[in-house]
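Below is one structure; the comments refer to it alone.
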Amino acid sequence: MSASEDYAPQGSVLVGPGCWVPSCNFEPRKNDGKIDLLLLHYTATPTNDYALELLTTKAGGVSSHYLIDGEGCILQLVSEEQRAWHAGEASWAGERDINSCSIGIEIQNQGAALARVPEYGRAQMQAVLALCKDITTRYNIAPSRVLAHSDVAPLRKQDPGAHFNWELLAQHGVGIVVSPHCEPDGVLAIKTADELLSLQSDLAAIGYGATTSGEMDPLTVAVITAFQRHYRPALVDGVADRSTVEAISLLLEAIEA
Ligand SMILES: [Zn+2]
């Protein structure tokens with residue numbers, strides 16, 4: 001793995017000299033090249049070097065456009081015009097090839113390997129914010145399409161986790177946060193199949209790959225959990241309590257406004 005000096009990857013001006021670490025895991029985008037989604041991840045690795053190995057080598061088999069290390073240094077691994085391999089099996093708003101329409105940012109964090117996902121450091125979050133703002137501005141990505149890996153793959157993924165600072169991003173116009181008035185209480189607020197169907201429809205309208213089964217099936221619980229992790233992180237339990245139902249309505253209103 002050696003940095004190619006005569007190749008300037010398409011990407012952010014925030015990537016400093018010597019921070020281009022080319023991955024061998026990429027291919028041409030399979031759509032018309034349109035980029036309209038930003039996907040955030042944690043690496044779930046003990047060290048940044050190990051994350052870099054997974055994200056750049058053939059044996060690792062995955063990649064992202066960017067990796068932000070624990071100190072907030074931004075590395076670029078794949079040129080933005082290329083399709084990086086970070087989303088896996090996923091869906092959002094009916095689109096299943098998330099890798100083709102997105103930019104992927106991996107953030108060094110040990111993740112769910114520990115009992116509690118470690119906090120993201122201040123310098124690291126500032127770098128995440130700056131890079132996200134740069135990307136969403138250049139591609140005019142809607143706030144509602146700045147997403148967690150767990151949003152697009154709710155049955156498989158938890159990253160970047162409930163401790164990720166979405167609030168900081170939203171304060172700078174990146175992504176959306178909502179503030180329900182109801183306190184989280186973990187008490188199911190959905191009483192009838194019609195109410196559940198309505199909730200599932202709202203989650204699907206937001207973009208989640210939710211079923212409209214009218215039943216509290218495993219996918220519905222996973223989607224509610226993913227929603228909470230991103231938009232109502234005070235209690236992530238998969239239970240559609242009053243606060244969660246309110247937060248879903250608030251998000252839908254914000255998207256449709
Ligand atoms: Zn991920």
Side-chain angles (χ1 to χ4, degrees), residues 21 23-27 29 35-70 72 74-78 80 82-93 95-121 124-125 127-129 131-132 135-136 141 144-166 169 174-175 207-209 219 222-223 225-231 233 236:
V21 186
S23 171
C24 37
N25 304 320
F26 67 90
E27 64 200 314
R29 290 183 184 272
I35 293 165
D36 62 3
L37 196 149
L38 178 57
L39 199 62
L40 303 182
H41 305 258
Y42 60 48
T43 57
T45 52
T47 65
N48 197 66
D49 283 350
Y50 185 51
L52 209 48
E53 190 181 323
L54 291 177
L55 292 165
T56 59
T57 63
K58 199 172 177 195
V62 291
S63 63
S64 57
H65 296 92
Y66 297 97
L67 169 64
I68 299 181
D69 76 10
I74 302 170
L75 303 173
Q76 185 168 3
L77 318 180
V78 174
E80 288 181 2
Q82 302 290 344
R83 181 179 185 271
W85 302 346
H86 54 99
E89 193 179 323
S91 84
W92 191 256
E95 174 59 63
R96 304 193 83 83
D97 184 0
I98 300 300
N99 283 337
S100 279
C101 68
S102 67
I103 299 278
I105 301 176
E106 286 279 359
I107 307 163
Q108 167 58 30
N109 186 293
Q110 291 195 59
L114 303 179
R116 186 177 192 279
V117 176
E119 299 288 338
Y120 293 90
Q124 191 180 36
M125 270 313 300
V128 172
L129 168 63
L131 182 58
C132 289
I135 292 167
T136 53
I141 295 174
S144 61
R145 292 176 67 86
V146 178
L147 298 171
H149 197 186
S150 49
D151 288 321
V152 302
L155 284 167
R156 299 188 302 117
K157 294 294 177 179
Q158 300 181 15
D159 57 316
H163 305 301
F164 183 76
N165 195 346
W166 295 103
L169 265 56
V174 177
Y208 286 98
L219 177 58
V223 168
T225 306
F227 172 85
Q228 291 172 333
R229 205 170 261 130
H230 186 163
Y231 296 103
V236 180

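Residues: numbered from 1 along the sequence shown. Start at 1 and go down the list; that is how both ligands and their atoms are numbered. Keep in mind it's a predicted model, so treat the numbers as computed, not measured.
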* Hey, are the side chains of H86 and V62 touching, using non-hydrogen atoms and a 4.5 Å cut-off? -> no
Applying side-chain contact (heavy atoms from CB on, under 4.5 Å) to E95 and not counting sequence neighbours gives D97, I98, C101
Protein N/O/S atoms closer than 2.8 Å to the Zn ion (ligand 1), ordered by chain and number, come to H41 ND1, H149 ND1, D159 OD2
By salt bridge (charged side-chain N to carboxylate O under 4.0 Å, His left out), E53 pairs with (sequence neighbours left out) none
Worksheet item: Is a donor on one side and an acceptor on the other found under 3.5 Å between the side chain of R156 and the backbone of A90?
Response: no
Just checking, is any N or O donor in the side chain of T43 or Q108 under 3.5 Å from an acceptor N or O on the other one? yes
Salt bridge (charged side-chain N to carboxylate O under 4.0 Å, His left out) filter on R145, not counting sequence neighbours, yields D36
